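The analysis underlying the following values was restricted to heavy atoms, covering all of them including side chains, and did not include hydrogens, waters or symmetry mates. These numbers come from a predicted model, not from an experiment.
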Amino acid sequence: MDSPLGSLLLVASPAGLVRVAYSVEDHEDVLDGLAALTQGDVEGAGAALDEPARQFEDYFAGRRNAFTVPLDLPDPPPTFGARVLQVVRRVPYGAVATYTDVAALAGRPDSVRAAGAACARNPLPIVVPCHRVVKLDGSPGHYVAGPAAKRWLLRFETLGPDR
């Protein structure tokens, strides 16, 4: 789907949204990787994506500040990375947390870099809002779609679609 940040690939399984990918991630590579992991039980288009696409359209129009679509994430072992993404899901729209905050809330306050790495591996950017996690000094830090996209999302969530 088209978005203000370029083309987004949405991928779903019968259970829910599996992956959101920016165009910089090479959509074909993302689909190939998912097919290898799931034996092809994912969809790149179709009815399973109607609701996620509508929610993304509402988000970018400023009518939605949280996603309620079912997510198809593997039941993770209680890993630090899984705990980081659980923490990130609770960062409110329009707010930010630091990587330091996230690491502490995930149970390992000394693992700030590992918290950043978990955010970098987030399969559902925007839905699991890792863009809301910033460096301790307030700078954006890394983001899968680049720092300009991260700054755009933070500004959009603060000022709205008519900024």
Side-chain angles (χ1 to χ4, degrees), residues 1-12 16-27 29-30 34 44 48-73 76 79-163:
M1 71 171 288
D2 290 329
S3 83
L5 296 171
S7 177
L8 294 178
L9 172 69
L10 307 181
V11 183
L17 194 61
V18 174
R19 186 73 162 83
V20 174
Y22 289 100
S23 58
V24 299
E25 296 178 82
D26 190 328
H27 291 167
D29 285 348
V30 170
L34 285 171
L49 293 172
D50 289 346
E51 183 60 16
R54 187 184 65 73
Q55 289 194 21
F56 268 93
E57 288 169 3
D58 287 348
Y59 171 82
F60 285 118
R63 296 185 300 263
R64 170 174 294 279
N65 60 21
F67 289 82
T68 59
V69 293
L71 305 180
D72 184 5
L73 295 173
T79 65
F80 179 68
R83 290 193 312 267
V84 164
L85 294 183
Q86 289 171 349
V87 168
V88 170
R89 288 182 76 182
R90 295 191 305 263
V91 178
Y93 182 91
V96 295
T98 66
Y99 292 103
T100 302
D101 297 333
V102 169
L105 290 169
R108 288 185 21 202
D110 294 333
S111 296
V112 176
R113 286 182 185 234
C119 288
R121 290 188 303 271
N122 175 10
L124 297 166
I126 302 174
V127 176
V128 176
C130 55
H131 62 276
R132 297 179 190 153
V133 183
V134 299
K135 290 183 171 184
L136 195 56
D137 67 4
S139 62
H142 295 286
Y143 188 62
V144 66
K150 187 170 187 172
R151 282 190 297 274
W152 188 93
L153 286 163
L154 292 170
R155 182 176 169 92
F156 170 80
E157 289 189 1
T158 303
L159 301 176
D162 297 325
R163 55 182 180 89

N/O donor-acceptor pairs under 3.5 Å from side chains in residues 112-129, not counting sequence neighbours:
{"unit_1": "R121", "atom_1": "NH1", "unit_2": "A117", "atom_2": "O", "d": "3.4"}
{"unit_1": "N122", "atom_1": "OD1", "unit_2": "L124", "atom_2": "N", "d": "2.8"}
{"unit_1": "N122", "atom_1": "ND2", "unit_2": "V128", "atom_2": "O", "d": "2.7"}

Discussion item. Please enumerate all residues that pass side-chain contact (heavy atoms from CB on, under 4.5 Å) together with L105, with sequence neighbours excluded.
Written reply: V87
Worksheet item: For S3, which residues count as a side-chain contact (heavy atoms from CB on, under 4.5 Å) partner, sequence neighbours excluded?
Response: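 Partners of S3 under the side-chain contact (heavy atoms from CB on, under 4.5 Å) test: L5, L8, F60.
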Item to complete: Please examine the side chains of V20 and F56, heavy atoms only from C-beta on, and report whether any two atoms are closer than 4.5 Å.
Response: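 Contact flag for F56/V20 side chains = yes.
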Worksheet item: Would you call Y59 and E157 a side-chain contact if the rule is heavy atoms closer than 4.5 Å?
Response: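 Yes - at least one pair of side-chain heavy atoms lies under 4.5 Å apart.
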Taking all heavy atoms of [X] and all of [Y], pick out the closest pair and write down the distance.
X    : Y    : result
T68  : Q55  : N-OE1, 2.8 Å
R132 : V91  : NH1-O, 2.7 Å
P52  : L10  : C-CD1, 4.2 Å
V11  : L17  : O-CD1, 3.4 Å
F80  : A103 : CE1-O, 3.9 Å

Worksheet entry | N/O donor-acceptor pair under 3.5 Å between R64 side chain and A66 backbone |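 Here the side-chain-to-backbone pair exists.
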Discussion item. Under the rule for salt bridge (charged side-chain N to carboxylate O under 4.0 Å, His left out), what residues qualify as partners of R83, not counting sequence neighbours?
Written reply: none
Practice prompt. Identify, with sequence neighbours excluded, every residue that meets salt bridge (charged side-chain N to carboxylate O under 4.0 Å, His left out) alongside R90.
Written response: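 Once residues adjacent in sequence are excluded, R90 has no partner under the salt bridge (charged side-chain N to carboxylate O under 4.0 Å, His left out) criterion.
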Discussion item. Quick test of your reading: applying side chain to side chain donor-acceptor pair (under 3.5 Å), list the pairs with at least one residue in residues 93-103, sequence neighbours left out, ordered by first then second residue.
Written reply: T98-D101, Y99-K150
Worksheet item: Are any of the side-chain nitrogens in R54 or D58 under 4.0 Å away from the carboxylate oxygens of its partner?
Response: yes
